[in-house]
*Asks:* 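Pasting a structure below so you can have a look.
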Amino acid sequence: MAAPVYIEELEQHVGVEVTLRGWLYARRSSGKLLFLQVRDGTGIVQCVLFRPDAPEGLFARAKHLAQETSLRVTGVVRPHQRREGEFEIQIRDLDVVAEPTAEYPISPKEHGTDFLMDHRHLWLRSKRQHAILRVRAELVRAIRHYFDDHGFLLVDAPIFTPNACEGTSTLFETDFHGEPAYLTQSGQLYAEAAAAAVGKAYCFGPTFRAEKSKTRRHLAEFWMVEPEVAYLDLAGDADLAEDFLVSIISRVLERRAAELEILERDTSALERVQKPFPRIRYAEAIAILQKHGNDSRHGDDFGGDEETLISAEFDRPVIVTHYPMSLKPFYFKRDPSEPGLALNMDVLAPEGYGEVIGGGQREDDLARLEASLEAHKLPKEQFEQ
RNA sequence: UGCAGGGUGGCCAAGUGGAAAGGCAGCCGCCUGUUAAGCGGACGAGCGCGGGUUCGACUCCCGCCCCUGCAGCCA
């Protein structure tokens with residue numbers, strides 16, 4: 001048996017006999033010609049068998065292989081006879097490792113999402129899912145790199161926690177040996193404690209909201225990155241959000257162009273994510289809404305429709321600051337010149353994606369923080385530790 | 001939780017009171033360059049579940065279950 005190689009390395013082995021180890025992705029034939037598309041996780045390659053050249057019995061055996069059969073294919077790498085820049089394998093031998101126990105349910109044609117989700121473990125084998133996994137993995141890597149390279153210390157918050165402070169959505173409650181424990185809704189409180197210790201900290205991991213909600217904007221489980229920086233003011237926070245978004249998006253565009261192409265993602269909106277982002281105040285956002293006939297008034301929060309209207313005014317993400325305190329959590333610092341407003345910001349993404357980042361300057365005066373707790377009618381005792 | 005749409009062979013999908021289209025996959029066969037290949041053939045469901053109306057129900061009525069989208073909530 002020839003040296004085992006991965007499909008992504010075939011270019012380095014042209015003219016050489018190699019062995020692939022993978023699964024049968026698709027099969028086609030044309031009389032005495034048989035085309036087996038084999039995938040191995042790094043790519044898909046066409047393997048060709050011509051009956052008159054094939055060893056005794058091999059052609060007949062290969063002709064009826066089922067989709068997703070595990071196999072080893074040995075053959076010579078050569079340029080694709082019809083497609084420029086691609087390679088194919090002239091099959092010399094073929095070894096079936098295992099055959100599927102049932103007909104593979106996912107055919108090359110149309111399926112509904114519901115059906116595919118019922119076969120999630122197999123759906124993962126398809127090209128489109130590979131592309132999604134790779135884009136997501138790149139994004140996670142870009143996020144970690146950004147903070148690691150900018151002086152932040154990764155401080156992972158517990159996922160399983162007695163801390164129920166977020167309290168805004170329903171919590172997933174579990175029993176921890178007789179005591180209630182919750183799946184985390186946010187690592188923010190832990191990250192804040194860490195920032196006071198190390199200056200710049202971030203946590204990045206799964207968070208949970210027990211809403212029975214499954215829209216593109218809300219999930220019961222999602223990943224969230226939460227940086228906390230001591231002494232950072234609102235403008236500095238906006239700078240950070242802007243630099244961070246530009247950095248991670250450009251990295252994904254650069255390194256995952258092929259996958260975005262497979263997903264047929266129009267990248268022009270992503271390419272426009274460049275500094276500077278427009279920065280507007282909440283009051284200006286309200287004016288934009290009213291200009292478009294939306295009946296939002298000062299004091300109203302933005303829903304999905306409102307976020308879409310506001311972001312449509314700009315060709316890149318927009319940073320909205322200075323929301324009314326009444327709309328925001330108690331811990332934001334008040335604007336000294338206009339105490340009714342919070343020193344907070346939301347970053348709204350284009351294309352209807354809405355709020356992708358929320359943040360702001362924290363209250364650093366204990367008396368005001370306690371007053372704010374009271375104003376929000378929150379039980380002070382729960383926050384004393 | 002509310003509103004809207006939807007459950008028809010393994011998958012996708014027409015039909016909408018009177019004998020369940022079609023396509024794909026799977027199976028058999030033909031084809032020396034296929035790319036969701038093409039061509040031919042055989043096979044395969046009684047229409048989400050339970051009641052009702054009717055000579056007759058996939059189709060109409062009632063109840064229930066499940067799915068999807070949007071809204072709400074929120075990030």
Side-chain angles (χ1 to χ4, degrees), chain A residues 24-39 44-54 59-60 62-69 78-84 86-91 99-119 122-123 126-128 166-172 184-188 204-226 241 300-308 323 327-329 344-349 352-360:
Chain A
L24 184 61
Y25 194 66
R27 170 166 54 77
R28 273 182 290 277
S29 71
S30 181
K32 296 186 177 69
L33 269 171
L34 184 64
F35 302 98
L36 302 180
Q37 279 197 289
V38 175
R39 59 167 195 89
I44 296 173
V45 69
Q46 168 166 288
C47 303
V48 189
L49 192 59
F50 182 44
R51 181 147 61 182
D53 299 343
F59 191 89
K63 202 169 126 183
H64 294 284
L65 288 174
Q67 191 181 358
E68 290 300 327
T69 299
R78 65 181 189 193
H80 194 294
Q81 307 290 290
R82 287 287 183 279
R83 290 190 175 185
E84 195 74 25
E86 290 185 27
F87 300 92
E88 64 181 20
I89 304 267
Q90 175 74 39
I91 301 175
E99 292 190 322
T101 53
E103 183 186 330
Y104 190 68
I106 301 176
S107 65
K109 284 239 180 159
E110 59 229 319
H111 297 287
T113 314
D114 195 34
F115 171 79
L116 289 167
M117 284 305 276
D118 284 345
H119 299 279
L122 298 176
W123 190 18
S126 69
K127 262 186 218 172
R128 200 181 153 79
E166 183 95 345
T168 46
S169 308
T170 321
L171 282 159
F172 279 114
T184 184
Q185 290 188 330
S186 164
Q188 184 183 324
F204 186 25
T207 44
F208 305 85
R209 305 288 159 93
E211 295 288 344
K212 200 182 172 188
S213 174
K214 232 179 12 176
T215 68
R216 75 190 310 207
R217 307 166 74 90
H218 298 99
L219 291 168
E221 174 180 348
F222 62 98
W223 275 56
M224 179 159 69
V225 63
E226 296 170 285
D300 290 343
D301 207 354
F302 303 139
D305 290 346
E306 285 75 28
E307 288 179 354
T308 301
Y323 283 61
L327 294 178
K328 290 294 161 184
N344 83 301
M345 55 138 214
D346 279 356
V347 181
L348 306 183
Y353 287 103
E355 183 188 339
V356 290
I357 296 179

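Reckoned from all heavy atoms, side chains included, excluding hydrogens, waters and symmetry mates. Below, chain A is the first sequence line, B the second, and so on; all start at residue 1.
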*Asks:* Rounded to whole angstrom, note down the C1' distance from rA45(B) over to rG22(B).
*Replies:*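 The answer is 14 Å between these two C1' atoms.
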*Asks:* Could you give the CG-to-P distance, from Asp301(A) to rA75(B), as a whole number of Å?
*Replies:*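 One finds 9 Å between P of rA75(B) and CG of Asp301(A), rounded.
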*Asks:* With the side chain counted from C-beta on, respond yes when Arg27(A) and Thr69(A) share a heavy-atom pair under 4.5 Å apart, and no when they do not.
*Replies:*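 No, too far: nothing below the 4.5 Å cut-off.
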*Asks:* How many Å lie between CE on Met117(A) and P on rG69(B), as a whole number?
*Replies:*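 Roughly 10 Å, once rounded to whole Å.
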*Asks:* What integer distance in Å separates Glu84(A):CD from rG33(B):P?
*Replies:*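 Rounding to the nearest Å, CD of Glu84(A) and P of rG33(B) are 20 Å apart.
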*Asks:* Strictly by Watson-Crick or wobble contacts shorter than 3.5 Å, is anything paired with rA71(B), and which nucleotide is it?
*Replies:*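 Pairing partner, where one exists within any strand: rU1(B).
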*Asks:* I need the CD-C1' distance between Gln185(A) and rC73(B), as an integer number of Å.
*Replies:*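 In whole Å, rC73(B) C1' and Gln185(A) CD are 12 Å from each other.
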*Asks:* Which nucleotide, rU32(B), rU34(B), rG10(B), lies nearest any side-chain atom of Phe115(A)?
*Replies:*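 For Phe115(A), the side-chain atoms sit closest to rG10(B).
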*Asks:* Classify the nucleic acid contact of Phe222(A) as base, sugar-phosphate or nothing, counting any heavy atom under 4.0 Å across all strands shown.
*Replies:*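 The answer is base, as Phe222(A) lies within the cut-off (heavy atoms under 4.0 Å) of a base atom.
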*Asks:* Roughly, in whole Å, what's the span from CD1 in Ile106(A) to P in rC12(B)?
*Replies:*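 Those two atoms, CD1 and P, are 11 Å apart.
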*Asks:* Which is it for Glu355(A) and Leu348(A) under the side chain to side chain contact (heavy atoms under 4.5 Å, CB included) test, yes or no, and what are the steps along the way?
*Replies:* CA-CA 4 Å; Glu355(A) 183 188 339; Leu348(A) 306 183; 4.0 Å; yes
*Asks:* Could you work out the separation of rG41(B) and rC31(B) based on their C1' atoms and round it to a whole Å?
*Replies:*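 Rounded to whole Å, the distance is 15 Å.
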*Asks:* Calculate, to the nearest 0.5 Å, the distance between atoms CD and CG belonging to Glu88(A) and Leu36(A) respectively.
*Replies:*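 Here the interatomic distance stands at 11.5 Å.
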*Asks:* Please figure out whether Arg51(A) or Tyr104(A) has its closest RNA chain B nucleotide nearer the 5' end.
*Replies:*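 Here Tyr104(A) is the residue nearer the 5' end.
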*Asks:* When you compare rG33(B) with rC27(B), how far apart are their C1' atoms, in angstrom units rounded to a whole number?
*Replies:*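 Nearest-Å result for rG33(B) against rC27(B) at atom C1': 25 Å.
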*Asks:* If I pick the C1' atom on rA42(B) and the same atom on rC30(B), what distance separates them, to the nearest angstrom?
*Replies:*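 About 15 Å, rounded to a whole number of Å.
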*Asks:* Please report the closest heavy-atom contact between Glu226(A) and Gly187(A), naming both atoms and the distance.
*Replies:*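 The answer is OE1-N, 2.8 Å.
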*Asks:* Heavy atoms under 4.0 Å, any strand shown: does Thr113(A) hit a base, just sugar-phosphate, or nothing?
*Replies:*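 Touches nothing.
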*Asks:* If I pick the C1' atom on rC28(B) and the same atom on rA21(B), what distance separates them, to the nearest angstrom?
*Replies:*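 Per the computed distance, 25 Å lies between those C1' atoms.
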*Asks:* Assign Glu88(A) to base, sugar-phosphate, or nothing according to its heavy-atom contacts below 4.0 angstrom with the strands shown.
*Replies:*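 Since a base atom lies under 4.0 Å of Glu88(A), the category is base.
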*Asks:* Which nucleotide sits closest to the side chain of Phe50(A): rG10(B), rU35(B), rU32(B)?
*Replies:*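 Output: rU32(B).
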*Asks:* Please tell me which of the listed nucleotides, rC27(B), rU34(B), rC31(B), lies nearest to the side chain of Arg27(A)?
*Replies:*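 Nearest listed nucleotide: rC27(B).
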*Asks:* Among rA71(B), rG33(B), rC30(B), which nucleotide sits nearest the side chain of Arg82(A)?
*Replies:*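 My answer, after comparing the listed nucleotides, is rG33(B).
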*Asks:* Of all heavy-atom pairs between Glu99(A) and Leu65(A), which one has the smallest distance, and what is that distance?
*Replies:*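 Closest approach of Glu99(A) to Leu65(A): OE2-CD2, 4.4 Å.
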*Asks:* Which is more 5' along RNA chain B, the nucleotide nearest Lys63(A) or the one nearest Glu103(A)? Just name the residue.
*Replies:*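 So the residue in question is Glu103(A).
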*Asks:* Touch check for Gln81(A), heavy atoms < 4.0 angstrom, all strands: base, sugar-phosphate only, or nothing?
*Replies:*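 Base contact - Gln81(A) has a heavy atom under 4.0 Å of at least one base atom.
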*Asks:* Side chain of Arg78(A), base of rG33(B): donor and acceptor closer than 3.5 Å?
*Replies:*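 Flag set: donor-acceptor pair detected.
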*Asks:* Need one value for Gln46(A): base, sugar-phosphate or nothing, where a base atom within 4.0 Å counts as base even if backbone is also close, heavy atoms only.
*Replies:*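 If one applies the 4.0 Å heavy-atom cut-off, Gln46(A) turns out to touch a base.
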*Asks:* Distance between the P atoms of rC73(B) and rG2(B), in whole angstroms?
*Replies:*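 Here rC73(B) and rG2(B) have their P atoms 16 Å from each other.
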*Asks:* Watson-Crick or G-U wobble partner for rU34(B), using a 3.5 Å limit on both distances?
*Replies:*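 Across all strands, not a single nucleotide pairs with rU34(B).
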*Asks:* Less than 4.5 Å apart, any side-chain heavy atom of Lys328(A) and any of Asp346(A)?
*Replies:*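 Contact flag for Lys328(A)/Asp346(A) side chains = yes.
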*Asks:* So what does Arg83(A) hit on the nucleic acid, given a heavy-atom distance under 4.0 Å: a base, only sugar-phosphate, or nothing?
*Replies:*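 Base contact.
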*Asks:* Pick the P atom in rA4(B) and in rG15(B), then give their distance to the nearest Å.
*Replies:*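 So the two P atoms sit 22 Å from each other.
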*Asks:* Please pick, from rG29(B), rG33(B), rA37(B), the nucleotide with the shortest atom-to-atom distance to any side-chain atom of His64(A).
*Replies:*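 Per side-chain heavy atoms of His64(A), the pick is rG29(B).
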*Asks:* Look at the side chain of Phe35(A) and decide which nucleotide, out of rG29(B), rC12(B), rG33(B), has an atom nearest to it.
*Replies:*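 For the Phe35(A) side chain, the nearest candidate turns out to be rG33(B).
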*Asks:* For the base of rC12(B), is there a side-chain donor-acceptor partner from Ser107(A) under 3.5 Å away?
*Replies:*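 No.
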*Asks:* Is the base of rA75(B) touched by the side chain of Arg209(A) through a donor-acceptor pair closer than 3.5 angstrom?
*Replies:*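 Present.
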*Asks:* Mind checking the C1' distance from rG29(B) to rU35(B)? Whole angstroms is fine.
*Replies:*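 Comparing C1' positions in rG29(B) and rU35(B) gives a spacing of 22 Å.
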*Asks:* Which label fits rG52(B), syn or anti, where anti is any glycosidic angle not within 90° of 0?
*Replies:*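 In terms of base orientation relative to the sugar, rG52(B) is anti.
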*Asks:* How many Å lie between OH on Tyr353(A) and C1' on rA75(B), as a whole number?
*Replies:*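 One finds 16 Å between C1' of rA75(B) and OH of Tyr353(A), rounded.
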*Asks:* Which nucleotide, in any strand shown, forms a Watson-Crick or G-U wobble pair with rC11(B), with both distances under 3.5 Å?
*Replies:*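 The base-pairing partner of rC11(B), which may sit in any strand shown, is rG23(B).
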*Asks:* Cation-pi check for Phe59(A) against Arg51(A): NZ or CZ below 6.0 Å from the six-membered ring centre and within 45 degrees of the axis, yes or no?
*Replies:*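 Yes, cation above the ring, under 6.0 Å and within 45°.
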*Asks:* Between rC67(B) atom P and Asp114(A) atom CG, what is the distance in whole Å?
*Replies:*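 Distance check: Asp114(A) CG to rC67(B) P gives 8 Å.
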*Asks:* Answer yes or no: does a side-chain N or O of His119(A) lie under 4.0 Å from OP1 or OP2 of rC11(B)?
*Replies:*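 Result: no.
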*Asks:* His111(A) has an atom NE2; how far is it from atom P of rC67(B), in whole Å?
*Replies:*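 Between P of rC67(B) and NE2 of His111(A): 21 Å.
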*Asks:* Under 4.0 angstrom, heavy atoms only, what part of the nucleic acid is Gly112(A) near: base, sugar-phosphate, or nothing?
*Replies:*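 Sugar-phosphate contact only.
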*Asks:* To the nearest 0.5 Å, what is the distance between CG (Leu49(A)) and CD (Gln90(A))?
*Replies:*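 Answer rounded to 0.5 Å: 7.5 Å.
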